[in-house]
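Taking it in order: structure first as structure tokens, then the write-up.
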Amino acid sequence: MAKQVTPMIEQYLSIKAQYEDAFLFFRLGDFYELFFDDAKKAASELEITLTSRGKGEDAIPMCGVPHHSAEQYISQLINNGFKVAICEQTEDPQLAKGVVRREVVQVITPGTVMEGNAVVEKDNNYLLSLTPYSEKELGLAAIDMTTGEFLTTVLAGDFEEAIHEVSSFRPKEIVIPSTLSDDKQNMLQQRMNVTLSFEDELAHHSDTDKLISKIEDQIAEIACRQLIQYVLRTTKRSLEHLQQANYYETNDFMGIDVHSKRNLELIESLREKKKKGSLLWVLDETETAMGGRLLKQWIERPLVSNTLIEKRQSLVETLLERFFERETLKVQLNNVYDLERLSGKIAFGNVNARDMLQLKRSLQAVPQIFDTVNDLGNNYATELTSGVNDCHELYLLLENSINEDPPVTITDGNIIKDGYDRELDQYRDAMRNGKTWIAALERKERDETGIKSLKIGFNKVFGYYIEVTKANIPNLPEGRYERKQTLANAERYITNELKEKEALILEAEEKSEKLEYELFMEIREKVKQFIRPLQKLATSVSTIDVLQSFAEVAEKNHYVKPDVSNEETVDIIDGRHPVVEQMIDKGDYVANDIRLNEERGMLLITGPNMAGKSTYMRQLALIAIMAQIGSFVPAKNAKLPIFDQIFTRIGAADDLAQGQSTFMVEMMETRHAVSRATKNSLILLDEIGRGTSTYDGMALAQAIMEYIHNEIGAKTLFSTHYHELTTLSEHLSHLRNVHVSAMEEDGKVVFLHKVIDGAADRSYGIYVAELAELPASLISRAKSILNEFEQGDKKHAYISNEEKRKTEPVKQLNLFGEAEENYIKNNKQQTITSHEKEIIATLQTINLLRTTPIEAIQVLDELQRKLQNGGS
Ligand code: ADP
Ligand code: MG
């Protein structure tokens with residue numbers, strides 16, 4: 001049944017129809033109102049009261065927020081990934097015939113938001129657009145509206161592969177053509193948890209075409225045009241502050257896929273998703289928000305060019321040596337506010353006098369920063385500052401025009417300095433003179449009437465008045481003033497002269513406020529002319545900031561300059577894991593060497609749980625990344641090749657906390673690594689094959705190693721708890737065994753965390769179980785089962801030469817005493833049941849050091865029951 005709707009609701013519905021995917025904030029007087037489903041959803045999202053408009057049948061669900069506090073509600077919705085269309089009254093309600101005209105003036109979306117708490121200081125806020133061109137080509141464009149950055153590229157490979165590059169932007173919102181398949185849409189949404197938006201038109205406007213004039217690639221151009229169109233359509237503003245789109249090649253940078261970035265905890269920790277515990281956390285001693293953002297970008301995209309890396313290194317080295325200059329520089333940088341975002345704000349129109357002041361103070365600091373940097377006498381330092389406009393002219397303009405302590409609102413006056421504009425000065429003189437005149441009048445009237453308490457006041461309704469208390473009225477000469485207002489215990493009067501002065505003062509006040517606003521707008525326009533130079537300046541300052549941060553961190557943590565070359569050698573002496581060493585007590589970190597070269601391209605790392613296998617592997621990856629972003633590294637000495645890509649795969653069992661224990665994911669990521677890696681890549685495979693049954697897992701692990709060894713030749717670290725795999729070094733010529741040592745002390749495993757050449761002689765699961773005082777009968781049963789397995793192993797294909805294996809066990813460290821050795825030797829052969837297989841598998845995977853007593857008892861109970869069932 002069609003409901004009666006009022007003309008206003010009709011207007012609402014027709015506007016809403018154009019903004020289906022956004023909350024429509026519909027301006028009604030002092031409120032933004034939401035209706036129908038929008039109202040229901042917003043009421044629960046924002047925890048505001050749902051009411052209704054109209055009664056009974058025709059009642060419409062409604063909720064609203066006051067317009068002056070709307071910002072906080074809008075932020076909340078944007079933060080949760082929603083979009084908000086702001087619909088304003090675009091004519092004066094008093095002049096309107098019929099329903100007031102209304103229009104959407106802006107759609108705020110997670111990717112286009114300019115302020116509020118969705119915009120984090122040291123984070124970029126990227127909006128991406130993707131345009132699939134063919135099965136193997138995908139155009140990508142990325143804009144950060146708050147900084148004006150604009151990038152584009154073309155991604156080769158299938159969609160799945162492309163997602164790695166896409167997610168390196170950590171986008172808040174992705175714009176796609178509506179024709180993109182549901183599968184792909186789902187993939188984007190699931191992998192990245194972003195807001196998806198649709199745009200099927202491509203922008204063609206002379207002013208925005210300028211932004212993409214440098215782009216030659218057609219596919220990239222389409223992605224850019226699609227993105228520009230979307231931004232124009234939603235923001236409905238000019239895009240003056242956007243920089244020209246820059247084409248980049250993905251292989252201009254080291255490739256690190258999403259999983260690896262997560263596993264290596266580059267930007268945030270794996271479990272808590274916090275900056276603390278990440279590489280960024282260790283490296284971030286930046287003084288400015290811009291520097292913070294740039295550092296993050298560098299970590300996401302390490303360099304592959306020797307020359308560029310060495311440039312950065314050279315300045316870090318200089319800064320490290322020049323302690324005093326560095327200290328000065330830090331103080332100077334600290335005065336620089338967010339130039340990029342300030343200029344973005346100015347161009348966008350949301351700017352107040354305080355922003356202008358921040359800009360001024362930043363610009364004031366720049367010449368000093370440049371002086372300090374130039375004094376370093378470093379070539380790269382000079383390159384960073386030469387030809388960069390320090391915008392001194394703009395500084396002078398702001399210095400001469402903007403008051404030191406301006407109000408937040410730009411319509412209240414008091415923004416512009418005296419002496420900046422002659423007309424304004426005249427109004428101000430008039431105001432001041434008028435006020436002096438009034439003060440003089442008050443004194444004169446007191447003297448002449450003898451009434452000490454006589455005073456001159458002001459209110460909005462009556463203007464200036466003379467006030468005399470009731471008690472003093474008899475002392476007032478008749479007819480001296482004209483009575484205006486009677487209060488309980490006073491009378492208020494005016495005189496013609498007072499009213500004349502009042503008119504002058506008020507007029508001057510009104511005119512000066514209006515003039516100040518105009519002047520402010522004029523200044524804003526002048527600032528806009530400086531947007532390009534400001535952006536260049538921002539790049540220069542933020543680069544300097546990141547490099548001083550590297551120097552600072554290098555000094556604090558005793559890093560060394562790595563020797564990065566195109567040779568194939570990794571030679572790290574006393575390397576440390578940059579994050580772990582910060583997390584444990586000072587001096588407790590056990591430094592380790594890592595040596596890899598053409599003959600020794602692959603390491604198989606064995607050792608007990610918690611020995612430090614994973615840490616050792618990540619240590620190499622992190623040192624490589626640090627080296628390739630130009631940072632110094634935690635080691636005594638480091639020589640590194642330039643890696644084109646890094647792949648890491650952490651075995652499923654270790655990844656349980658992520659809720660992604662599926663073996664399928666593990667295998668997909670492995671496929672990703674083996675299909676993309678080259679000879680110049682670094683692959684870390686940490687306990688691969690754990691997510692499936694033992695033989696299965698071992699077989700896969702071996703096959704993967706063989707494949708990488710024979711087909712790819714990438715530098716590879718492979719950790720495993722299948723210590724049986726250590727015999728592989730016999731037929732893989734570039735494979736070497738290393739192990740992380742541990743020893744027993746007072747009945748406890750003590751992890752030495754020292755990596756030593758050679759294989760560990762055992763996996764220590766049962767030993768650890770014994771230390772944990774599992775029942776003796778269970779332990780001895782486990783040992784006999786293990787023995788069975790070891791007998792059974794002989795049937796395995798990888799043992800090319802059984803005799804050789806027997807004669808060549810590498811005995812670096814023997815956790816098992818002679819008794820155990822003998823025990824295993826002497827034990828008679830038995831057939832094992834599937835229950836027993838399960839038990840051994842469970843025992844092997846238990847991480848005792850991370851198991852609570854209650855969990856241990858539960859596991860024991862389970863094992864015991866399995867044993868009993870199996871025995872029956
Ligand atoms: P694994 O992978 O062999 O089970 P991890 O690499 O996860 O072991 O290391 C376990 C813990 O041991 C780490 O969280 C860290 O606290 C500590 N650790 C690892 N390597 C070292 C080291 N070289 N020096 C000091 N502590 C270390
Ligand atoms: Mg591990």
Side-chain angles (χ1 to χ4, degrees), residues 259-260 262-265 269-272 276-279 281-282 557-558 572-594 603-623 633-636 638 648-658 661 666 683-691 697 701 717-723 725-726 737-743 748-756 759-765 767-769 771-772 812-813 815 843-851:
H259 316 295
S260 305
R262 214 185 59 203
N263 287 337
L264 292 171
E265 309 188 295
S269 64
L270 200 56
R271 293 185 211 292
E272 291 177 12
K276 181 160 187 203
S278 67
L279 180 63
W281 169 68
V282 175
N557 303 332
H558 309 287
I572 297 172
I573 310 291
D574 280 349
R576 283 124 46 206
H577 187 299
V579 181
V580 173
E581 78 164 340
Q582 302 289 330
M583 303 289 257
I584 61 180
D585 287 342
K586 224 180 163 62
D588 278 1
Y589 195 86
V590 179
N592 273 306
D593 301 347
I594 304 182
L603 299 183
L604 181 64
I605 308 164
T606 45
N609 250 338
M610 289 301 281
K613 299 183 294 299
S614 304
T615 309
Y616 183 69
M617 298 172 79
R618 287 152 191 253
Q619 177 175 314
L620 173 58
L622 291 175
I623 288 178
V633 301
K636 204 178 251 169
T648 68
R649 175 55 222 167
I650 309 296
D654 269 16
D655 214 5
L656 275 172
Q658 279 290 310
S661 62
E666 184 179 330
I683 304 180
L684 308 180
L685 296 174
D686 195 353
E687 311 232 12
I688 207 86
R690 255 181 113 147
L717 302 190
F718 198 107
S719 79
T720 186
H721 64 294
Y722 298 133
H723 114 279
L725 290 176
T726 52
N737 284 310
V738 301
H739 72 276
V740 194
S741 53
M743 63 173 211
K748 283 198 181 113
V749 190
V750 176
F751 298 113
L752 302 175
H753 303 305
K754 198 75 195 167
V755 180
I756 304 173
D761 52 350
R762 299 270 151 209
S763 24
Y764 306 84
Y767 180 76
V768 176
L771 290 180
Q812 277 295 325
L813 184 112
L815 273 179
L843 276 175
Q844 276 180 327
T845 49
I846 294 175
N847 183 345
L848 281 173
L849 294 158
R850 294 207 181 125
T851 308

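Just so you know, ligand 1 is whichever comes first in the structure, and atom 1 is the first atom listed for that ligand. Given the structure is predicted, the values throughout are model-derived calculations rather than measurements.
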query = Is ligand 1 less than 4.0 angstrom away from at least one heavy atom of Pro608?
reply = yes
key: Whether Gly607 lies under 4.0 Å from ligand 1, heavy atom   =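 False for this residue.
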task = Determine, considering heavy atoms only, which of Met583, Arg576, Met610, Glu687 sits nearest to atom 1 (P) of ligand 1.
result =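 The nearest heavy atom belongs to Met610.
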Under 3.5 Å between any N/O of [X] and any N/O of ligand 1: does that happen in this structure?
X      : result
Tyr616 : no
Lys613 : yes
Gly612 : yes

Backbone or side-chain N/O/S of Ser614 under 2.8 Å of the Mg ion (ligand 2) =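 It does: Ser614 brings an N, O or S atom closer than 2.8 Å to the Mg ion (ligand 2).
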request  = Quick one: do Leu684 and Phe718 satisfy side chain to side chain contact (heavy atoms under 4.5 Å, CB included)? Show the steps, please.
outcome  = CA-CA 6 Å; Leu684 308 180; Phe718 198 107; over 6 Å; no
inquiry  = Within the 4.0 Å heavy-atom shell around Ile584, which atoms of ligand 1 are there?
reply    =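 By the 4.0 Å cutoff, the relevant atoms are 25 (C), 26 (N).
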request  = Identify, by atom number and element, the atoms of ligand 1 in contact range of Asp588, meaning under 4.0 Å from any of its heavy atoms.
outcome  =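 Those qualifying, in numeric order: 25 (C).
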For the residue pair [X] and [Y], establish whether any side-chain heavy-atom pair is separated by less than 4.5 Å.
X      : Y      : result
Leu604 : Thr720 : yes
His739 : Ile605 : no
Val590 : Leu752 : no

SB check Glu581 Lys586 (cutoff 4.0 Å) = no
query = Is the closest side-chain donor-acceptor distance between Gln619 and Tyr589 under 3.5 Å?
reply = yes
ask   = Any chance the side chains of Asn737 and Thr726 put a donor and an acceptor closer than 3.5 Å?
value =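 Per modelled atom types, Asn737 and Thr726 side chains form no pair under 3.5 Å.
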